[in-house]
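Below, chain A is the first sequence line, B the second, and so on; all start at residue 1.
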2 protein chains.
Amino acid sequence: MTAESLPVPGDEDYLAEMHLHIGARLARQEHRYTSGRRQLVEVLAQANQPMTLPDIVAADPDLAQSSAYRNLDVLVRSGVIRRLSAGGDHTHFELAEPLLGHHHHLICIRCGSIEDIHLGSDVEILVDQSLSDIASQTGFTPIHHSLDLHGHCADC
Amino acid sequence: MTAESLPVPGDEDYLAEMHLHIGARLARQEHRYTSGRRQLVEVLAQANQPMTLPDIVAADPDLAQSSAYRNLDVLVRSGVIRRLSAGGDHTHFELAEPLLGHHHHLICIRCGSIEDIHLGSDVEILVDQSLSDIASQTGFTPIHHSLDLHGHCADC
DNA sequence: CTTGCAAATGACACTCATTCCCAAATATTG
DNA sequence: CAATATTTGGGAATGAGTGTCATTTGCAAG
Ligand SMILES: [Zn+2]
Ligand SMILES: [Zn+2]
Ligand SMILES: [Zn+2]
Ligand SMILES: [Zn+2]
């Protein structure tokens, strides 16, 4: 068990191992993995979709709003959490791709809900190559792509 | 010349014909194509990239902020303008796809600038099919996809 | 187990992008 | 020229997100 092996969703030790990874990553940046930060990670790990700050606080009312925002920011900058701008009133947060795996989103333009989806590797490869080609022509340095489907969810 | 024929960028009558289309579209929704709204469209048509509200007002200082925001909203709801949420401080606006053509974006995560890019039809077709397949499995009704490359622009 | 120090907390104040309000201006109809 | 409906724009209001700071907590050295 090295600090670089990835936890596998479904594994019984998923949460425990994930906390070890995250704690180590934060320690490298002189940050502490405090209970508030652990609570944020657990809330996001238990949800199966990106959450807004109100969602997160509702899921764990012990969390103070200002601390939650501040800690989400720390975790985003540490690469543990990813921030999504979907156009609704609130920013959404989810675990970063090293933890959740690369994926994309269904975004409901009526209610603002977001659901994770996974595309086939053939699509991912073609998309990544096409984008890299274009980026290199313009001097743009790619970091990651986002691919979302906007529409109406089943409930709307 | 029907109300449905699309103006072609590069055409000399591009702007004039576009204004006709937009005026007709607004009229259908009992909205007037006032000079303030025409100015917004012209500013966006002359820029070759999405603009924020400060960008727009800087490009045409006659525009009042509150009216510009209100008219952008009218034009977005009328399908003339598209609103982009890229994660920076300000929302970006660009002409809608019926006017600009379907395309995607390079988004600089440092300075927030956005540049339009066009992908090959093979990629578009594969992406659309993959997304449609997934959407139909979840009862999601697709409207459009967005595909952006995030990274650092040449200036950053 | 202290003690000292740096990091973290949380209540609250604050910022600022965007929206709301409303009286004045403008367009449309006849 | 009315009469009516829409639009305008200055400024007030809203609210998501950030900053402040006194207090608390976690960690390490002794
Ligand atoms: Zn929905
Ligand atoms: Zn996701
Ligand atoms: Zn840039
Ligand atoms: Zn664009």
If you count the non-hydrogen atoms of other residues, nucleotides and ligands that lie under 6.0 Å from CD in B/Glu30, is the total more than 12? no

Heavy-atom check, side chain of B/Ile56 versus side chain of B/Leu44, under 4.5 Å: yes

Sub-3.5 Å donor-acceptor pair from the side chain of [X] to the main-chain atoms of [Y], do we have one?
{"X": "A/His104", "Y": "A/Leu147", "value": "yes"}
{"X": "A/Ser136", "Y": "A/Asp133", "value": "yes"}
{"X": "A/His150", "Y": "A/Ile107", "value": "no"}
{"X": "A/Arg83", "Y": "A/Val76", "value": "no"}
{"X": "B/Thr138", "Y": "B/Ile134", "value": "yes"}

Reckon [X] touches a base, only the sugar-phosphate, or nothing at all at heavy-atom distances under 4.0 Å?
{"X": "B/Arg37", "answer": "sugar-phosphate"}
{"X": "B/Asn71", "answer": "sugar-phosphate"}
{"X": "A/Gln65", "answer": "nothing"}
{"X": "A/Arg70", "answer": "base"}

Compute the bend angle of the helix from C/dC1-D/dG30 to C/dG30-D/dC1 from the end axes (five pairs per end), rounded to 10°. 40°

Given atom [atom1] of [X] and atom [atom2] of [N], what is their separation to the nearest angstrom?
{"X": "B/Met51", "N": "C/dA17", "atom1": "CE", "atom2": "P", "result": "16 Å"}
{"X": "B/Asp62", "N": "C/dA25", "atom1": "CG", "atom2": "C1'", "result": "16 Å"}
{"X": "A/Gln29", "N": "C/dA7", "atom1": "CD", "atom2": "P", "result": "14 Å"}
{"X": "B/Tyr33", "N": "D/dT8", "atom1": "OH", "atom2": "C1'", "result": "17 Å"}
{"X": "B/Arg38", "N": "D/dT8", "atom1": "CZ", "atom2": "C1'", "result": "15 Å"}
{"X": "B/Leu40", "N": "D/dT7", "atom1": "CG", "atom2": "C1'", "result": "13 Å"}
{"X": "A/Asp55", "N": "D/dG17", "atom1": "CG", "atom2": "P", "result": "11 Å"}
{"X": "A/Asp60", "N": "C/dT9", "atom1": "CG", "atom2": "P", "result": "13 Å"}

Nearest to the [X] side chain among [options], which nucleotide is it?
{"X": "B/Arg32", "options": "D/dG17, C/dA6, C/dT28", "value": "C/dT28"}
{"X": "B/Asp89", "options": "C/dA17, D/dG11, C/dT26", "value": "C/dA17"}
{"X": "A/His90", "options": "D/dG17, C/dT18, D/dT7", "value": "D/dG17"}
{"X": "A/Ser66", "options": "D/dT20, C/dA6, C/dC12", "value": "C/dC12"}
{"X": "B/Tyr69", "options": "D/dG17, D/dA5, C/dT19", "value": "C/dT19"}

Should A/Thr34 be listed as having a side-chain N or O under 4.0 Å from OP1 or OP2 of C/dA7? no

Taking ring-ring contact (aromatic ring centres under 6.0 Å, His included) as the test, write out the residues that go with A/Tyr33, two or more places apart. A/His19

When the nearest nucleotide of DNA chain C is assigned to A/Val74 and to B/Arg83 on a heavy-atom basis, which residue is associated with the more 5' position? A/Val74

